[in-house]
> 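Dumping the structure here so I can ask a few things about it.
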Amino acid sequence: MNLSHRITGLTEGGSDGWDIFRKARRLRAEGIPVVDLTIGEHDKRTDPSILRAMYDAALGGHTGYASVPGTVDLRDAIAQRVAHRTGTATSRDNVIVTPGGQAALLAAHMAITDPGDRALYIDPYYATYPGTIRAAGGVAVPVPARADQGFQPDNSDILAACPARSLLINSPNNPTGVVYTQETLNQIARVVQEQDLWLISDEVYDTMIWDGEHLSPRSLPNMAERTLVVGSLSKSHAMTGSRLGWLVAPEPVIEHLSNLATHTNYGIPGFIQDAGLFALEQGNELEDMVAAPFQRRHGIVSAMFAANGVPVVPSWASMYLMVDIRQTGLSGERFAERLLDERRIAVMPGESFGAAAAGHLRIALTVDDDALATAIASLADFHTMLKKEAA
Ligand code: PMP
């Protein structure tokens, strides 16, 4: 029996880029200690106060079918948050609650992509992007953001990939930690208007910025009508397992996506939505508490790499740091393999996030400060050794 091309073609049969992650897990299962700096998951779990709100909501009876686009209270809270943070008028009719930002990424592409449409995304990218576009029937087209331009996308590269239906961007960026400048976002706004593209803006790291303010392209002139913003409580509130995210978009998009949700997930559990509402009502305090370790570790690790002559991609956001290992003459994949085999440290090869990040490593700052510092000292030493080997 044949399966659909939609399903079988999702990853185009290639590696999904997670080989190092799986090998690290396997080694650990065999009892071999490995410092795992691969995955973007907080070392501290969801705050107990949020879990208590979840428990209270469930015991209080919010266990039936919940409103499909999301509860009115949660959609209001998300709309207010977005309006407050970006200065752009936003109402509950601009919001649909989704099972995580990932489902919002799929919903966004489902809303605007016809079969065979070219859907652009900036490379380096979060690993699911091309598969998500293909799941919605689109043709996934990477647009490189270049290492020598600090991984800021350039309009000439976007233009070269047109015509297309949409462009997906992600700032603060996973994997690079780079935040797009106002100039970059202005340029992107210009090109998507000129080329009549939808813009999908993945902003799930918007609370993890260490310098400057988050700028949402939806707030730029004439952009709200063509921009779909992906948000999530996964990163901001350490709620990855609760699967709670949203899409902010023009009203007709939300109407149609509510219809799609009726025919797919049929809403998000009410007690999870209530916990999310509680989390948002806590304001900055909780978010700052969740973000603080990553900012601190970003500082520790940057200083250690600088002291040891390991080039780092200048960045000021997210849970990650990227290092440039091209001086060793190895690919990111080979370096990461050897680092795992010889030093028992697991990091993600840049290649896992697209061709534009080749020769780099993504380091997730997701273990405690002491363990992280020990691992980074070893990584820096390994880098020096490989550089000498290459000379
Ligand atoms: N976008 C980016 C850039 C991510 O890094 C992630 C998760 N790592 C997601 C979206 C999806 O997150 P979630 O579905 O947990 O909200």
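As the structure lists them, so they are numbered: ligands from 1, and atoms in each ligand from 1. Hydrogens, waters and symmetry mates play no part in the numbers below; they use all other heavy atoms, side chains included.
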> Check ligand 1 against N170 and write out every atom of the ligand that is under 4.0 Å from a heavy-atom position of the residue.
3 (C)
> Would one find an N or O of R243, backbone or side chain, under 3.5 Å from an N or O of ligand 1?
yes
> Below 30° counts as parallel, above 60° as perpendicular, anything between as tilted: where do the rings of F335 and H383 land?
tilted
> Take every heavy atom of T240, measure it against each atom of ligand 1, and state whether any distance is under 4.0 Å.
no
> List ligand 1 atoms under 4.0 Å from G100, heavy atoms only on the residue side.
14 (O), 16 (O)
> Using a 6.0 Å distance limit plus a 45 degree cone around the ring axis, check whether R52 lies over the aromatic ring of Y55.
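Ring-cation test returns no.
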> Describe, in one word, how the ring planes of Y126 and Y129 are oriented to each other, choosing from parallel (under 30°), tilted (30 to 60°) and perpendicular (over 60°).
perpendicular
> Any cation-pi pair here, R362 with Y320, using under 6.0 Å and within 45°?
yes
> Which ligand 1 atoms are under 4.0 Å away from a heavy-atom of Q102?
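Contacts of ligand 1 toward Q102, numbered from 1: 11 (C), 13 (P), 14 (O).
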> Is there any N or O on D202 that sits under 3.5 Å from an N or O of ligand 1?
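Yes, D202 has an N/O under 3.5 Å of an N/O on ligand 1.
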> Between R146 and D157, is there a salt bridge with N-O shorter than 4.0 Å?
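Salt bridge present between D157 and R146.
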> Please compare A364, A103, S242, S234 and report which has the shortest non-hydrogen distance to atom 15 (O) of ligand 1.
S234
